Structure formats: structure tokens, C-alpha cells
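Convention: sequence-line order gives letters A, B, ...; per-chain numbering from 1. Bear in mind that the values here come from a model prediction, so they are computed numbers and not experimental data.
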Amino acid sequence: MDFSYSEKEEAFRQEIRDWLAKHTKELPKWWFDRKLKRPDSDSREYHDFGIWWHKKLYDAGFVGLNWPKEYGGRGATLIEQVVFSEEMARAQVPGITNTIGIGWCGPTIMAFGTEEQKKRFLQPILKADEIWCQGFSEPEAGSDLANCQTKGVQDGDYWIVNGQKVWTSGGHYSDWSILLVRTEPEAPKHRGLTFFLLDMHAPGVTVRPLRQMTGAAEFNETFMDNVRIHKSMMVSERGRGFYVAMGTLEFERSGIGAAIGRENTVQDMIEMAKEMGKSKDPLVRQRMAQLYIEGNVVKYTGLRALSRQLHGMTPGPESGVMSAFGMEWNQRAYDFAMQIQGPYARLMRDSKYAIDDGRWQHSFLRSRGNTIETGTSEIKRNVIAQRGLGLPRE
Amino acid sequence: MNFELGEEQVMLKTSAREFLDKECQKKHVRAMMDDEKGYSPELWKKMAGLGWQGLAFPEQYGGVGSSFLDLVVLLEEMGRALVPGPFLATIVHTGRAILLAGSEQQKKEYLTRIANGDLVMTLALTEETGGIEAADINMKAKAADNHFIISGKKLFVPDAHIADSYVVVARTKGGVRKENGITLFLVDAKTKGIKVEMLKTMTGEKLCTVVFDNVSVPSANVLGTVDKGWPVVKQVLEEAIIAECAWMTGGARWVLETTIDYAKSRIQFGHPIGSFQAIQHKLANVAVEVEGCTSLTYYAAWTVTENDPNRTVAASMAKAWVSDSYKHATFEGVQIHGGIGFTWDHDMHLYFKRAKHGEIAFGDGDYHREKVAQLLKM
Ligand SMILES: Cc1cc2nc3c(=O)[nH]c(=O)nc-3n(C[C@H](O)[C@H](O)[C@H](O)COP(=O)(O)OP(=O)(O)OC[C@H]3O[C@@H](n4cnc5c(N)ncnc54)[C@H](O)[C@@H]3O)c2cc1C
């Protein structure tokens, strides 16, 4: 057991630091100054800002760290990814964009796609030239993902797809989507789905924004009305879609970046508590310290899971554990931030007296979705209990 | 970076598990609760034969020369088996103090005998306040020529009734800054004027009152430097905290595993209770917490091994987390076992009580969260 970094890893750290030292100043003032106004999270402006910064990271070779070199990635080790996440968190700069594409869709294509699909899609995903979204959930298929009803019927070289997806994050500016479609209506429900790549600009695709409790519309309904998808856009085989989707979910729940950086949120919160004159309150100190400790639990348990992967073992129960726990941490933290603000907690951005231009309020509301997206906490606990601890299914 | 146990650590863990499964069964643990001594000198000797007492001491003092991290691996297994006796008191609370502050001669004399299993020691630290800050140390040691005279009372001293010798923390100088003026002494338990009284405890572990009535200690028995003992105590406390966390983590894992097994086999309503979501989610939560115990404890142990500056905060983070988690694991452990979990015959209560004992030892969750807040400059 050794928690220290090798020379090579430290050299990589230095490379990142050098790069950040040079480029961080190009970020807009509002990024660092909690008092300044920032664009809405669902606005084009914010999206374009994300792409602008992403391209810089891409040019520096910091995008797709874990992707193999042949697909334009860096082929970095897991530890180098940790180092990168640590440095990004330390500098408190924005991360990459097209996260669904790079984190989930790309790896799914790498694992299950054809050579042709890899050639066609991977590079533009990394560069964020094509933005991706995830068309899994439907009105009748949430936790029970195998219950997808969107229908696909073969017509020569094409599949004609009809149906509706829901909660499609980023669908309103996406170019492509991974899509689960029922193609074998006679088969048992887990075996009747097929996994496709959908061109979001194809005729018959309609995206309608759904407004979240934050007021922003980051997710959407996606309607498909006789959309034609070429058979070359099928990933894996007919009827194997559910199993491919399970692979996607593993990528979704095991990203290492999410384990790192919570200390920074706590530091920000401490600053805020000081400004509010609350930092000497023993209850505030207790809860702040607890959040800090929990943030480290997420970090080191996440690193242990990663270490198991690194040594060729399947990640233990730690990985699923941390996904649920980390999401719940966000909710506890931002709820606490509200509590520290007292009566000011009710003021939203643009209001006179709003603390830090209302960004804690936004985080508080946005984090409410955290224990629903990527699988609800209940489902994640089922997975831990049944797959991690080996308890029987009901 | 590598967070997995090394090959030798795995071997140590496996062999410790096998040894303790055989030599330290629960009937032994229970017998020792009512035993006068509270430990088995034969088992103590056997452990010394395996090199456990000297595991983390350098070879020149009769030790094995392994790291603190290795010791933590062993302590986890001992905590899992609830090994009764003065292991933590001898090896960590005092042995580490001697290793840190002792003269060459003291180290040779004491550590070698500890490693051989010939010496049982304990740390006489806390007093009636029960606290572990410098300000809590008020027992006086007065300098005379060539010796010091110690008078006062120490409370909650583990295993003082069987210890051959103590490390005594006493005040040699008054003043505003409480960290100044504390001195450590190596005191033979048979010295005239020492009176030990045993306290009855919840776990059956032996805690004592030690009264010092004009006890004379030769100046040669000062451990470290006169008046400058507090930094040593502070570091020993940090190591003791991490050791306690390892011990507790081992216990918490036993509770988790035992409860999972039970949930798989106990049938109600025609199904194993472990198939009910209310039970699954409780266990998933406990699993999260126990994994966190391992993560924070190993990280903290690593900071000791590497002399990393994060040691202080790492120790407090671990203790806060492990204190709450072990307690919660045993609480749910009883709940999931139902009526049988509440009985004297089932072993769960041994852990339930040990969790409470451990939570309180060296500061509970609230205490250490406040420490973390201070370290974050809040
Ligand atoms: C912010 C946000 C972004 C999202 N982005 C996307 C996206 O980009 N693409 C996409 O495809 N989906 C997305 N989702 C959808 C998300 O994956 C689903 O909302 C989620 O899987 C839950 O499904 P549901 O909403 O239908 O709730 P349901 O499955 O109906 O669940 C309702 C409640 O029942 C509980 N429940 C259900 N089954 C069980 C069970 N077996 N045991 C115990 N409790 C159970 C749930 O935990 C929940 O509390 C997003 C959701 C949110 C909130």
C-alpha cells in the first residue's frame, strides 16, 4: 500500500500545473469571482464557453486521458487521471465538456461498436465537434430501463423508429444520441432491445426542453416520428441493447473525476461561512468538518476502487457505494450552505443581497436531481446489496 | 500509488486471521471479561513468538522492522477478534513513545523486552477531566536531586493492574502555555507509593485508577526531555488514534460480514430477510461506512509511515468517521439480527459495547470534527 505518486506521475502533474498557470488567466472573470454574474447553465453562451475551454484542453492533450492513443486519447494510466482531476480541482477551473460523449458514449462505442463506428465517431467526440446525449429513459422506463417502448421496425437497410425519450440531458444542443429501441417485441423484455446511434438532426427528431426546478432547461423530451436509422448505426447485435446499456451505466457510475474535489467545495463554504459570521458556531464547525471528512471518504474509497481495477480486480462494492454516497453528499453540502445563509438563503440570483450571485441556491436546487440521475439512490443501494454484498433478490 | 495490501501484508492478515480463529475464540474473549488479569499470558507469549509485539519496532531493538502500516493490518485482525489484553497499551501507547523519545539505552532495554513478550506496559495519561489536551495534565512531578517526586491520580489507565511498568505523563512546570512543562517518565509499577484500583467497565476491558503518593522516580527514567514531553504525547496520541481506528475497523467488518450472512439465511415470510429492501439498504449503508473506515484508516496509517504533514488531520478524520461508523454498524447489526441480536449469548453485543468504548477512546466524533475544523483554519 502506497499513497504517494511516482516520478512520472509527478512530472505529469507539473505539466498540468504549467499549462494551467499559463491559461487560467484566459478564463472570464465571472468564473472565479463568486460575486459576479455568470451565464445561465442552460444558455447557448454557457455551452459555447464550455466548448471554447474544452478545445484548449484538447489542444493541450488533456481530453480523453483514459482513451487509447489509437482513438486520439492519451492512453494515460488511471493514476494520471487522478492527478489530472486533482490539479483541475485545485485550480478550480472548468472541466471538459461533452462529458456524456466522452465519459459514456465514446467508451461504449469503443467496447461494443464496429471499426467503422469507431473511425467515424470517436475523434469528433473528443474534440467536442459533435456533442452527444443519452436517449435511454422513457416515460414508462426509468429505473426499469428494460421496459423501453420506443419501437424500431426494419425496412431494408434502415430501421424506422417511433417513440419518445425523456430527461435527455443536453438534447437541445446535441448532434448525436445513444438510443435504446425495442426491436423484438416478442422476446422477453431484457432481450428485445437494440442499441443505436441516432443523428439528432435527422428528419422526424423533435427535441422539446423540459424545465427543471432550477428554472433552467438542461434536459428534454425527445420525440421520434418515423426516424430512419441506417443499420450501420446499430451497436452490437439485435436484441443485445440492454446489455450494451448496462455497460454504458458502468462507465457512468465509475468515473474517477467525480470522487475528487469536494474539499474545494468545503473550502468555498468555509469562506462563505466566515463572511456570514457563522464560522465560530460549534454546530456549523461540526457539520463543516463532517462534510470535509466525508469528501475524503469519497476520495480515498474511490481511489481504492480504482486501485483494484488497476490490479486487474473487479471494482469491489466501493465503486457503486461511492456513486450514491457522493451524490447524497452534494445534497447535504448545499443544503447546509443554505442553512448557513439563514434568511439570505431565500434570495435568488439577480436579487439585491443575494449571496455570491445566488450560485449556492442554484447548486442546492440542482443537486436535488443528483440522487435521481444516473440511477436513483434506491437502485444504487439495490445494486450494492445484491451485487456487492451478495444478498438475494426478492 | 497502490491502495492494495502488499503480498506480505496479505500474508500477515491471513495468518493472523487463522491464528486468532483458533487461539482467540469468543469463549476466550468472554472468559477474559471476568478474569482478574483480563488476558492470557500464554497467548501473549504465543503472539510474541509470531513477532507481533515487535512487528513495528526496528530490528536492533528485537523487532521485525515492519512499518506502522503493517502494524495497522495486524491491529485490524486483532480488533476483529476482540483480542483481550494490553496489546495497544504496550505496543502503541507506550512502545511507540519509547521509540520516539527514548534514549538508545531505554529503547534497548524496554523495546527488546516488549518484543520478546516479557514486558507489559501502559500509558498513564488521563486524569479526572478525562481529556487529552495538554491542559488536562495536572499531576505534578517535582524535581529533587537526581530524582522526581510524583504525586496525584491518573484515571482510565488501561491494564495498569498487570503492567510491569508505566509511561507517566506529568507536569513539571506550571505556566500559561499548557503545552510547556510536561514530562514523560518511565516508572516501574512496583515502585513504592503506587496504588492501582480496577474499574468495572462495559466491555470487560480493564481500566484502572493509578494513585501516585510521593513516588520517587530517578532522573535517568525521564523519557525524552524534561518539560518538553508534550510533542511526544501529541504524536503518540495520533498514532494511538489511528491504531484504535484499525482495531475498530476490524470489528466493524466482522459485524458487517456476520450480519450479511445472517440476512442471507434467516427466513421470514418465506424469504431470506436479506431479500427485503429495508434490510438491503441498511446493509448497503453500513457497507459504505465500513469501506470509508478502511480508506481513511489506511490513509492515516500511511501518513505515519511516511511522516507526512497531513498526519494530524488524517488521524482526526479517521477517528471521527470510524467512531460513528462502527457504532452505527453494531446498532444495525443488532437490529437486523432481531431478538437474538439482543441476547447475551449472541456475540453482537460484544462488538456493540466495544464500538462504544472505542468511540470514546481518544476523543469521539464531535471532538475530532472540531479538530478538523481548526485544522481547516475555520
Ligand atoms: C437531472 C437529470 C438528468 C437526467 N438525464 C438523463 C439523460 O441524459 N438520459 C436519460 O436517459 N435519462 C436521464 N435521466 C433520467 C434518470 O435516469 C431517471 O429519472 C431515473 O433512472 C429514474 O427513473 P424515473 O424518473 O422513471 O423514476 P422511477 O423509476 O419511476 O422511480 C420512482 C421512485 O421509485 C423508486 N424505485 C423504482 N424502482 C425501485 C426498486 N426496484 N426498488 C426501490 N425503489 C425503486 C425510485 O428509486 C424512485 O424513488 C435524468 C434524470 C435527471 C433527474
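P392(A) places a side-chain heavy atom less than 4.5 Å from the side chain of K264(B). Two residues are said to be in side-chain contact when any heavy atoms from C-beta on lie closer than 4.5 Å; V297(A) and V288(B) fail this criterion.
Interface remark: V383(A) contributes no atoms to any contact with chain B (heavy atom separation under 4.5 Å). Only the side chain of L69(B) comes within less than 4.5 Å of a heavy atom of chain A; its backbone N, CA, C and O stay farther away. Both the backbone and the side chain of Q374(B) have a heavy atom closer than 4.5 Å to some heavy atom of chain A. Of the two parts of E271(A), neither the backbone nor the side chain holds a non-hydrogen atom closer than 4.5 Å to a non-hydrogen atom of chain B. Looking at Q267(A), only its side chain comes within 4.5 Å of chain B, counting heavy atoms on both sides. With a threshold of 4.5 angstrom between heavy atoms, Q9(B) approaches chain A through side-chain atoms but not through N, CA, C or O. Contacts of L303(A) with chain B are made by both backbone and side-chain atoms, with heavy-atom separations under 4.5 Å.
No donor-acceptor pair closer than 3.5 Å links the side chain of R381(A) to the backbone N or O of K282(B).
To the nearest 0.5 Å, atoms OH (Y292(A)) and OG (S316(B)) are separated by 11.5 Å. The distance from atom CE of M378(B) to atom CE of M269(A), rounded to the nearest 0.5 Å, is 9.0 Å.
Other residues, nucleotides and ligands place more than 12 heavy atoms under 6.0 Å from the CD atom of E133(B).
Looking only at atom types and distance, the side chain of Q280(B) has a donor-acceptor partner in the side chain of Q386(A) under 3.5 Å away.
Under the ring pair (Phe, Tyr, Trp, His ring centres under 6.0 Å) test applied with Y300(A), the options W321(B), Y298(B), W302(B), Y299(B) reduce to a single match, Y299(B). Remark: of the listed residues Q290(A), M288(A), R285(A), Q290(A) is the sole one forming a side-chain contact (heavy atoms from CB on, under 4.5 Å) with R369(B).
Highest contact tally toward chain B, considering only K274(A), R393(A), E263(A), is held by K274(A) [criterion: heavy-atom pairs under 4.5 Å]. Here Q277(B) is the residue among Q277(B), H271(B), K371(B) with the most heavy-atom pairs under 4.5 Å with chain A. Most heavy-atom pairs under 4.5 Å with chain A, from the set L283(B), L376(B), V372(B): that is L376(B).
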